[in-house]
Every structure is written in structure tokens, then in C-alpha cells.
Enquirer: 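One structure, pasted below without further comment.
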Amino acid sequence: MDEARPITATDMPKAFDPQAIEAGWYARWEQDGLFVADATSDKPSFAMCFPPPNITGELHLGHALQTAVYDTIARYKRMKGFEVLFLPGYDHAAIATQNVIEKQLAKEGTSKEQIGREAFNARVEQWYEQTGATIINQLRLLGASMDWTRLRFTMDSRYYRSVMTAFVAFYEKGWIYRAPRIVNWCPHDRSAISDLEIEWQEHQDTLYFIKYPIEGGGDVTIATVRPETMLADTGVAVNPQDKRYKSIVGKTAVLPLVGRKLPIVADDAVEMEFGTGALKVTPGHDALDYEIGQRHSLELVNGMQVDGSMDAPGLPYDGMPGLEARAAIVEALKKQGLIVKEEPYTHEVGHCDRCHAVIEPLVSEQWWLRMEEMRDNAVEASSSGKVRWHPEKYEREYLDWLHGLHDWNIGRQLWLGHRVPVYRCPNGHVTVSVERPEQCAECDQTELEQDPDVLDTWFSSGLWPFATLGWPDQTEDLEAFYPTDVNCTAREIIRLWVSRMIMTGLEFMGEAPFSDEVIHSVVQAADGRRMSKSLGTGVDPRDLLSKYGADALRAWATSVAMSTQDVRFDESRVEGYRRFANKLWNATRLVLNSPGEQTAQAPGFIERQEHLEDRWILARLANAAEAISNGIEQFEFQESINAGYAFAWNELCDWYLEAIKDRLRDGDPAAQDVAYFCLDNLFQLLHPMMPFVTEELWSRLPGERGYVMQSGWPELEGRFVDPDAEEEFGQVIKIVEEVRGHRTAAGAPPRGGSIVLDGSVSETVAGLAAKLAHVDLVEEMGSGGVPLAVVSGRVAFPTGTGDARRDKERKRLQADLERTEERLSNPDFRDKAPAEVVANLEARAEELREALERLTAGQ
RNA sequence: GGGCGGCUAGCUCAGCUGGGAGAGCGCCAGCUUGACAUGCUGGAGGUCGGGGGUUCGAAACCCUCGCCGCCCACCA
């Protein structure tokens with residue numbers, strides 16, 4: 001034992017000020033290397049690669065919530081004795097970042113085309129630096145215990161090499177091919193995008209009914225919302241079952257304005273109920289039409305430029321923007337009397353989820369990745385339980401999507417991103433290589449031109465869990481930390497990201513990249529709208545941090561992260577946790593300020609004491625510890641924060657500290673021991689969720705102390721089990737609450753009065769109850785006072801009687817008793833309910849009868 | 001057109017395998033109680049969306065209807 005040290009003096013102000021301590025602790029943690037993972041450690045490893053935020057701007061509240069979840073797990077696992085790797089990074093987010101910078105350029109009155117590639121790249125670099133720094137700073141403010149020595153960026157040179165390696169590996173397997181297909185074309189970005197990058201918006205449009213003449217007489221009327229695409233029509237289709245059109249199948253229609261001959265074909269894909277049941281087929285600009293065209297060998301005409309304007313040489317519409325052409329074409333058709341009808345029509349139109357331009361489906365030559373084998377392996381990994389989903393339902397959603405998976409368009413026609421490592425020589429040979437090749441693989445040409453396309457951002461981020469660890473090199477990190485353990489995201493990127501990580505992880509590493517996938521809730525604005533900067537509904541996490549502190553924000557985040565529905569942001573709940581931190585602060589202040597020479601004790605020291613309240617609070621502490629551990633283990637963080645809050649405030653502060661105040665004042669070492677033990681353990685238990693305040697307070701407790709995160713996790717299971725103490729202290733609480741009720745009803749002052757309790761409660765219970773209820777425990781009080789219901793006894797105050805309350809209480813008890821007896825009198829209940837349930841109810845009825853008797857007898 | 005989730009106190013949400021309806025904030029009343037007024041004490045407030053069903057017993061399980069939200073889908 002260390003020498004005695006006085007702990008009466010403290011320098012703690014009355015109120016907890018998060019700002020005063022947070023930065024200091026973070027710097028110390030980092031300086032002392034608490035976040036740095038050791039790949040050579042003997043401890044069991046636990047790894048998480050933080051989902052790299054897009055380097056498009058500042059972090060929002062959703063990121064803060066996600067960070068809180070991750071960091072809670074990371075700190076908990078460190079305390080449990082794992083060698084934890086919590087790896088940070090960010091994502092270049094090619095298309096998104098390009099759009100951000102293009103918007104900036106537009107504001108400055110210029111464009112990327114005007115400034116050129118080189119200047120554009122410089123802007124990008126500058127942006128990376130600035131925004132990367134902002135993101136890192138925000139993560140630090142949140143207390144994220146990330147290993148900054150391993151910070152990764154999807155565009156850093158090592159990561160670039162991983163991406164190239166993956167491409168070449170896929171290419172060599174024959175899974176990557178180039179082919180023209182119908183794709184989603186963004187005319188603003190002038191790039192293809194995948195199905196997953198489309199956002200659908202409702203549009204009010206017009207459905208035009210257009211008459212197409214048929215060779216040899218007659219006509220057929222089709223319906224379309226996009227008349228401008230008719231310039232690229234190459235057929236007309238009807239349903240084979242459709243009796244109305246049986247006679248025209250096989251004939252040829254003539255395309256108005258153009259004069260092209262259109263074979264009339266029969267295809268099951270045509271809906272008879274829609275429009276007229278006849279469909280104009282435009283294989284070059286509609287996905288369904290493309291398929292029909294393939295089936296019937298229809299001609300493929302491209303009617304649009306990469307910027308969305310019309311490509312119709314020889315026609316007056318050539319070069320017109322799409323909507324302008326639509327108007328002109330409708331006008332021309334009207335003149336010819338070919339517009340039969342116009343109807344208002346509401347439907348969903350695809351937009352680019354980054355620049356919001358309307359997507360034009362068109363046929364384009366693209367890089368494709370075959371997915372069959374990876375998909376099958378991912379499905380197999382699921383059925384053999386390699387990845388556990390929380391909540392489970394998301395696994396089905398993911399599997400449903402996997403089952404319908406088709407080849408992935410991995411090419412993008414952007415300025416920003418990982419260039420496809422495909423090189424062509426003047427002789428037309430193709431060389432595919434991780435590093436830029438010196439010369440052609442097939443001839444001696446050295447002037448090689450690299451393919452202009454870049455890769456889909458998700459191609460690179462899909463490699464995250466192993467590319468960050470050094471793959472394709474067999475690094476120590478990869479050896480020690482792959483597969484990782486937990487991944488946590490919002491559900492919106494399950495398909496885009498989670499699925500790709502699982503597939504590529506299985507492909508390149510032979511193992512799923514993590515064992516648990518946790519899907520957290522989405523934070524909405526207070527009014528239920530989406531939180532977004534452009535709507536003005538966003539909340540900056542830094543504002544909340546400065547108002548309430550990181551611990552409060554994190555505690556709130558853990559309390560809502562696993563909600564089954566999206567959560568409306570409620571600032572008052574964050575404020576509630578700030579008050580909680582303040583409560584912890586003041587509870588500690590109370591105990592630290594207790595007088596007396598106290599032996600500086602080792603953390604975790606406890607000598608079992610015999611006071612009822614000591615036994616009770618230790619039993620409750622063990623109970624809370626179990627709930628908190630379970631909550632984190634099972635990814636039900638609300639259980640953890642709720643249990644910690646309830647124990648700290650409603651048991652420790654409300655009852656225990658009140659019960660031992662006089663003992664603390666007297667310098668009773670037993671009371672101090674137990675109080676310190678509770679605080680010590682409580683701060684450890686809350687540390688994963690509220691790291692700053694717990695570190696600060698824990699460090700102020702007596703004894704030599706390092707950091708909470710290195711102090712181990714409280715293992716209290718099986719310790720302090722004490723049903724008798726819980727039962728007896730429960731009596732104390734009931735008596736005190738009843739006395740307080742009478743006091744209020746009587747309008748008596750907060751203190752004073754007397755209580756008499758007969759032998760049905762122990763002296764200990766009687767003494768504690770009297771102390772906490774601020775009444776004198778007396779032997780005898782004659783006929784004065786009012787009878788108690790919970791135990792046999794009477795209480796009296798200097799003023800008032802409290803009879804009103806007694807009547808009310810009697811009515812309540814009476815009603816309760818009647819309900820209980822009714823249930824008990826049901827023979828079916830006695831027959832069929834478990835004996836324990838019946839016994840409990842009988843005991844309750846007995847209690848109620850006794851309580852009523854006491855009230856009545858005492859009149 | 002399919003699928004999923006939600007509907008619990010004025011607001012935001014807990015309530016995990018069916019056995020006495022909870023928290024925070026807000027509201028009312030009272031307290032400068034030797035840690036905390038960022039506090040303490042007492043209190044009001046709920047047909048657990050509606051209706052059926054299963055069960056001795058349903059907020060919880062089943063069916064159905066109604067709103068709200070999300071996802072998927074090749075009706076042009």
C-alpha cells in the first residue's frame with residue numbers, strides 16, 4: 001500500500017466543463033500511443049476498418065453516430081484485453097468529389113474544361129488536403145480512438161497499387177471485358193453510372209399517343225413520354241397474346257418524320273394494359289427496348305450525343321437539347337395529324353445521385369466485371385453463417401439483391417479516379433499491367449496509350465478491409481488483423497459497399513472481411529425530413545460538441561444507433577446526457593470532498609462491508625455491469641447506456657450517496673471504499689460510450705492510475721450477489737417514498753417529523769428509512785400520525801396530517817386488489833398458468849390485503 | 001406492382017423469448033436540503049393506430065384495415 005494521502009482538497013469546479021478537458025485527454029491518449037495497434041502482440045486481435053467517409057466535405061451527424069458506435073466497440077474491446085486495430089481513412093469518391101469541385105469552378109465562372117486537366121488535378125489535390133484535415137479533426141473531436149499511424153486514403157500510392165492489382169487479377173481471370181450495352185448515362189458528368197447510383201424522382205409528364213402508318217395500309221398507335229427518342233426507333237412491339245394486334249405482327253410500320261421501316265414484332269415484355277398496348281422500340285435508349293431489340297435482331301440506332309443533345313444528322317433536330325427536340329417533334333407530328341391524344345402522366349425518372357441530372361439510357365462501350373462466381377461465393381458465405389447481420393433482416397435484403405445481380409459496369413468516363421490499367425499500342429495490342437508497362441506485351445512498341453476510363457469508386461472502396469492492411473503484400477498487418485471483426489454502416493450502402501467488400505474479400509483473401517455487419521439507424525431532421533445541407537435541415541456535429549460535449553453527443557448516439565426506425569433528431573436528449581455527465585462530476589466531487597485520512601488504494605480495491613446500503617449498491621453495480629457488457633456484445637447499445645444511466649443516477653446518486661452522506665462526513669473508510677469502488681467501476685463501464693468525462697473523473701480517484709482504457713473491464717459476474725440486501729433495501733425505498741408522499745400531502749416542511757415502525761422490519765431498515773426520509777425514529781407516538789401501507793408503522797409531521805393521500809391510496813390499493821383477486825379466482829388461470837406466476841400473484845394479493853388492513857386499522 | 005419497417009405519455013424514443021405500462025425533455029406544485037438549481041421532492045398525463053383472432057393471460061403472437069416512411073421492380 002502506498003502512503004496515506006489526504007484527499008479532502010480538490011480543485012473541481014461546481015459544474016463540469018467538457019471543453020476544458022477534452023482536447024487535453026485526446027492529446028495524451030494519442031501521445032501515449034493508446035490507439036496504435038501492435039501487429040506482433042500476443043493478445044487476441046480485434047480489428048475494424050472505419051468506413052472511409054467521402055472526401056467531399058465535413059462530417060455530418062450520421063458520421064458522428066457511426067463514429068460513436070465504432071469507438072464504443074473499440075474501447076470496450078481494448079478494455080477486454082484485445083489488441084485492437086481501429087483503422088481510419090477516407091475515400092476519394094471520384095464522381096462526388098469531381099462534382100464538388102466543378103461546382104466551385106462554376107461559382108468562379110470557369111469550368112474544368114477551361115482550366116484543363118493539370119489545373120483541375122491541382123485543385124483536387126488541394127481539396128484533398130483541406131478536407132482530409134477537416135475530417136480528421138472532427139473525428140478527433142469526437143474522441144475516436146483511431147490508429148492515425150495507419151491512416152489510409154483510397155488514392156494514396158499503396159492503395160492505388162491494390163486497386164490496380166485487383167483489376168489485373170480480375171482481367172486475367174477473364175472476368176473483365178469490354179462491350180457495348182445499354183447503360184445509365186449522366187449527360188452532365190458525361191459518364192456511365194451504375195444502377196445503384198440512380199435516385200428516382202417523381203415527374204409530371206405528358207403521355208403522347210402517336211400514330212405510326214403501316215405499309216400496305218392502316219396504322220398503329222403507340223404511347224410514349226419521350227417522343228424525342230422516336231428518332232432512334234427501330235421497331236414496334238406488341239404482346240403475342242394481344243388479339244387486337246394479331247393481324248399486324250410481321251408487317252412493317254413507317255417511322256414518321258424519319259421514314260425508317262420498323263418491323264412489327266411480338267414480345268412478352270409488352271404490357272397489354274399500358275397505353276395502347278403497342279410499344280415503340282428504341283433499343284438505343286431504353287433498357288427494355290434494348291432487350292426486345294436483341295431478341296428480334298432489331299437495328300440499333302444511337303440518337304443522342306454524350307451531352308444529351310440529339311444526334312440526328314440530316315434532320316432539323318440534330319444538336320437540339322432533348323427537351324427542345326421533344327417540343328419540336330410534337331409540333332411537327334401535330335401538323336401531320338399524328339398525335340392522337342395527350343394525357344398527363346406521373347412516373348419515376350432516374351437522376352444522377354451526385355449531380356441530379358436526368359439520366360439518359362444509351363448504348364455505350366464500357367468495362368464490365370462478371371459477377372457470377374463472386375456472387376455465388378457470397379451467397380454461400382451467407383448460408384454458412386460467415387457474416388452475422390444486426391439486425392438480421394438486412395441479410396435477406398442483401399441476399400435478394402445478390403440473387404438478381406448482373407455484370408458490374410466498373411468504368412467511368414470521369415477526370416477523377418483510378419485510371420484503368422489497360423494500355424494500347426499503335427498496332428492495336430492491349431497490355432494490362434499493375435505498373436505502367438515499358439513496352440507492348442505483344443510487339444516492341446513503346447508508345448503506349450492508357451485507356452481514358454477511370455474505375456467506379458466502389459471498385460476501390462470494395463477492397464477496403466484488406467487493401468488498407470497492405471494487400472497484395474503479405475504484410476504483418478494483413479496477417480494479424482484480417483479478417484476484421486465488425487463493420488458498421490447505414491443501410492443505404494449495403495449493396496454499394498458492404499456486398500462488394502464481402503465478394504472481393506472472399507475472392508482475394510479467401511475469407512469474409514468481417515464477421516459482424518451492424519446496420520445503424522439514420523438520423524432525420526426534427527421535422528422528419530432528410531438531414532441535408534441543401535435543405536437547410538442539417539445539424540453540424542461541431543455545434544453540438546461545443547454546446548454539450550463529446551460525451552453527451554456520443555451517449556445520445558449510442559442510445560439511438562440501433563433503433564429499428566430512423567430517428568428524428570431531438571436536441572433535448574443530447575442535453576439530457578450533458579446533465580448526466582455533470583451528475584457524474586458532482587457525485588465524484590461529493591465523495592472526493594469527504595474528510596479524513598484515506599489510504600490511497602489500488603484501483604479496484606474493495607473489502608466487502610456489512611452495511612446494508614453497501615451490500616445493496618454493490619449488488620446493483622454487478623447487475624449494471626452485466627447489462628452494459630451484454631448491450632455492447634450484442635450491438636444493443638441502448639441497453640448499455642440506459643443501464644449505466646439508471647445505475648449512476650437512480651441508484652448510486654439518488655439512494656446510495658444519500659444514504660452514506662453522514663458516514664462520508666465522519667470519514668468512515670468503509671463508506672469511502674465502497675463509494676470509490678462503485679465510481680471506479682462505473683467509469684470503466686461508461687468509458688466506451690463517454691470516454692472523456694470518465695477518464696477525467698477516474699484519474700481523480702485515489703491510487704496510482706494510468707488510463708481507463710488500459711485498466712481492464714470490470715468482471716463482476718457472480719460477485720456481490722445478495723438477494724437479501726436487495727429485498728431489504730427495497731423496503732427502505734418503499735418506506736421512504738411513502739413518507740415523502742405523506743409529507744407533501746401534509747404540506748409539511750422537507751425535514752422533521754417522526755416515524756414509528758414495529759418489529760416487522762429490521763432495525764437496520766428502520767434506521768436507514770428514517771434517516772433518508774428525514775424523520776426521527778421513535779418507539780412510541782400514541783394515537784398521532786397516519787398509518788403506513790407498505791409496512792406496519794405510523795408517521796407524523798409537525799404540521800398537517802396527510803389524510804387525503806391516505807384515502808386516495810386506499811382506493812388505489814382496493815382497486816388493485818380487486819383486479820388481482822379476479823384473476824386469481826379464474827380456475828383456468830390456476831390450472832394453466834405456471835405455478836410460479838400463480839404464487840407471485842397470490843403473494844401480491846396478500847401484500848395488498850395487508851397494506852389495506854394497516855391503513856384501515858390505523859384510522 | 002412487390003418487399004420491409006414504424007404507429008406506446010404533449011414531443012423524441014425504450015420496452016429483448018406473452019404474466020403488475022417506462023425514460024429523457026416538456027407540464028403542474030413545492031424546495032437556496034453541506035455534490036449537483038445542468039439539482040432535489042411530490043404529481044398530472046397512456047382505449048400501447050382501428051377491428052378481429054389465438055391464449056388462463058397480448059403493447060408483444062396471427063389475420064385484417066388505416067395512415068407514415070424506406071427499399072426494390074424493364075408499364076414505355
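None of these values were measured; they are calculated from a predicted model. In the text below, chain A, chain B and the rest are named by the order of the sequence lines, each starting its count at 1.
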Enquirer: G66(B) pairs with which nucleotide, Watson-Crick or G-U wobble, both distances below 3.5 Å?
Expert: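 Checking every strand shown, G66(B) finds its partner in C7(B), with both distances under 3.5 Å.
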Enquirer: Under 4.0 Å, counting only non-hydrogen atoms across every strand here, what does F569(A) touch: a base, just sugar-phosphate, or nothing?
Expert: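 If one applies the 4.0 Å heavy-atom cut-off, F569(A) turns out to touch nothing in the nucleic acid.
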Enquirer: Nearest whole Å is fine: how far is U38(B) C1' from L553(A) CG?
Expert: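 Spelled out: CG on L553(A) to C1' on U38(B) is 17 Å.
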Enquirer: For nucleotides 67-72 of chain B, tabulate all protein N/O to nucleotide N/O atom pairs closer than 3.5 Å, reporting atom names and distance.
Expert:
| from | atom 1 | to | atom 2 | distance (Å) |
| --- | --- | --- | --- | --- |
| C71(B) | O2' | R495(A) | NH2 | 3.3 |

Enquirer: Using salt bridge (charged side-chain N to carboxylate O under 4.0 Å, His left out), reason through E575(A) and R579(A) one step at a time and then give a plain yes or no.
Expert: CA-CA 6 Å; E575(A) 189 181 355; R579(A) 293 187 198 182; 3.5 Å; yes
Enquirer: Measure the distance from CZ on R743(A) to C1' on U41(B) and round it to the nearest whole Å.
Expert: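 So the two atoms are 10 Å apart, to the nearest Å.
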Enquirer: Indicate whether OP1 or OP2 belonging to A14(B) is found under 4.0 Å from a side-chain N or O atom of W556(A).
Expert: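 For W556(A), the contact criterion (side-chain N or O under 4.0 Å from OP1 or OP2 of A14(B)) is not met.
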Enquirer: Nearest nucleotide by nearest heavy atom, which residue falls closer to the 5' end of RNA chain B, K393(A) or S563(A)?
Expert: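 Mapping each residue to its closest nucleotide by heavy atoms, the 5'-most match is K393(A).
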Enquirer: When you measure from every atom of RNA chain B, which of residues 818-836 of chain A have a heavy atom less than 4.0 Å away?
Expert: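 The answer is N826(A), D828(A), F829(A), K832(A), A833(A), P834(A).
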Enquirer: Pairs under 3.5 angstrom, nitrogen or oxygen only, protein versus nucleotides 45-48 of chain B, please.
Expert:
none

Enquirer: Establish, yes or no, whether a centroid distance under 6.0 Å links the rings of Y548(A) and F692(A).
Expert: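 No, they do not, as the ring centres are separated by 6.0 Å or more.
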Enquirer: For the P atoms, the ones on G5(B) and on G15(B), what distance do you get once it is rounded to whole angstrom?
Expert: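 Approximately 15 Å lies between the P atom of G5(B) and that of G15(B).
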Enquirer: Whole-Å distance between U12(B) P and D570(A) CG?
Expert: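 After rounding, the gap between these two atoms is 8 Å.
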Enquirer: By the 4.0 Å heavy-atom rule, please label E658(A) as base, sugar-phosphate, or nothing.
Expert: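 Here E658(A) touches the bases of the nucleic acid.
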Enquirer: Using a strict threshold of under 4.0 Å (side-chain N to carboxylate O), is an ion pair present between D566(A) and R491(A)?
Expert: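 Here R491(A) pairs with D566(A) in a salt bridge, since their nearest N and O are under 4.0 Å apart.
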Enquirer: With a cut-off of 3.5 Å and sequence neighbours excluded, list every side-chain donor-acceptor pair involving residues 815-823 of chain A.
Expert:
| from | atom 1 | to | atom 2 | distance (Å) |
| --- | --- | --- | --- | --- |
| D816(A) | OD1 | R844(A) | NH2 | 2.7 |
| T820(A) | OG1 | D816(A) | O | 2.7 |
| E821(A) | OE2 | R849(A) | NH1 | 2.6 |

Enquirer: Find out whether H347(A) and H203(A) are in side-chain contact, i.e. whether some heavy atom of one side chain is under 4.5 Å from a heavy atom of the other.
Expert: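 Yes - at least one pair of side-chain heavy atoms lies under 4.5 Å apart.
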Enquirer: Please give the distance between the P atoms of G24(B) and G43(B) as a whole number of Å.
Expert: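 Rounded to whole Å, the distance is 14 Å.
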Enquirer: Tell me the interatomic distance from N582(A), atom CG, to C36(B), atom P, rounded to whole angstroms.
Expert: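 It works out to 10 Å between those atoms.
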Enquirer: Using whole Å, what does the distance between atom P of nucleotide C36(B) and atom CG of L592(A) come to?
Expert: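 Going from L592(A) (CG) to C36(B) (P), I get 14 Å.
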Enquirer: Output the rounded distance in Å from CG (N650(A)) to P (A14(B)).
Expert: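 Atom-to-atom, N650(A) to A14(B), this comes out as 19 Å.
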Enquirer: Classify the side chain of K14(A) versus the base of C36(B) as yes if they form a donor-acceptor pair under 3.5 Å and no if they do not.
Expert: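 No such pair is found, so the answer is no.
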Enquirer: Does a side-chain N-to-carboxylate-O contact under 4.0 Å join R743(A) and E738(A)?
Expert: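 Salt bridge: no.
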Enquirer: If you look at every strand shown and take non-hydrogen atoms under 4.0 Å, does T282(A) touch a base, only sugar-phosphate, or nothing?
Expert: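 Touches nothing.
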Enquirer: Rounding to the closest angstrom, what is the interatomic distance between G52(B) and G46(B) at atom C1'?
Expert: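 Here G52(B) and G46(B) have their C1' atoms 23 Å from each other.
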Enquirer: Does C13(B) have its OP1 or OP2 closer than 4.0 Å to a side-chain nitrogen or oxygen of R573(A)?
Expert: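 For C13(B), neither OP1 nor OP2 has a side-chain N or O of R573(A) closer than 4.0 Å.
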Enquirer: What interatomic distance, in whole Å, is found between P of G49(B) and the corresponding atom of U8(B)?
Expert: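 6 Å, rounded to whole Å.
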Enquirer: Taking only side-chain N and O atoms of K808(A), does any of them lie within less than 4.0 angstrom of OP1 or OP2 on A44(B)?
Expert: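 Indeed, a polar side-chain atom of K808(A) lies that close.
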Enquirer: According to the Watson-Crick and G-U wobble definitions, with both distances under 3.5 Å, which nucleotide is paired to A29(B)?
Expert: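 The base-pairing partner of A29(B), which may sit in any strand shown, is U41(B).
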Enquirer: Between C25(B), U41(B), A35(B), which nucleotide has the shortest distance from any of its atoms to the side chain of R579(A)?
Expert: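 From the listed options, C25(B) comes nearest.
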Enquirer: Under a 3.5 Å cut-off for both contacts, is A58(B) paired Watson-Crick or G-U wobble with anything, and if yes, with which nucleotide?
Expert: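 The base-pairing partner of A58(B), which may sit in any strand shown, does not exist here.
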Enquirer: Using purine N1 to pyrimidine N3 plus N6-O4 or O6-N4 for Watson-Crick, or N1-O2 and O6-N3 for G-U wobble, each under 3.5 Å, what pairs with G1(B)?
Expert: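 Answer to the pairing question: C72(B), which forms a Watson-Crick or G-U pair with G1(B).
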Enquirer: Would you tabulate the nitrogen or oxygen pairs shorter than 3.5 Å linking the protein to nucleotides 74-76 of chain B?
Expert:
| from | atom 1 | to | atom 2 | distance (Å) |
| --- | --- | --- | --- | --- |
| A76(B) | OP2 | Y345(A) | OH | 2.2 |
| A76(B) | N6 | E271(A) | O | 2.9 |
| A76(B) | N6 | F274(A) | O | 3.4 |
| A76(B) | N1 | E271(A) | N | 3.3 |

Enquirer: Could you identify the nucleotide paired to A23(B), looking across every strand shown and requiring Watson-Crick or G-U wobble geometry with both distances under 3.5 Å?
Expert: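 Answer to the pairing question: U12(B), which forms a Watson-Crick or G-U pair with A23(B).
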Enquirer: Looking at RNA chain B, which of residues 837-844 of chain A put a heavy atom within less than 4.0 Å of it?
Expert: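 Contacting residues: V837(A), R844(A).
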Enquirer: Does any part of the side chain of M230(A), heavy atoms only, come nearer than 4.5 Å to the side chain of L333(A), both counted from C-beta?
Expert: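 Contact flag for L333(A)/M230(A) side chains = yes.
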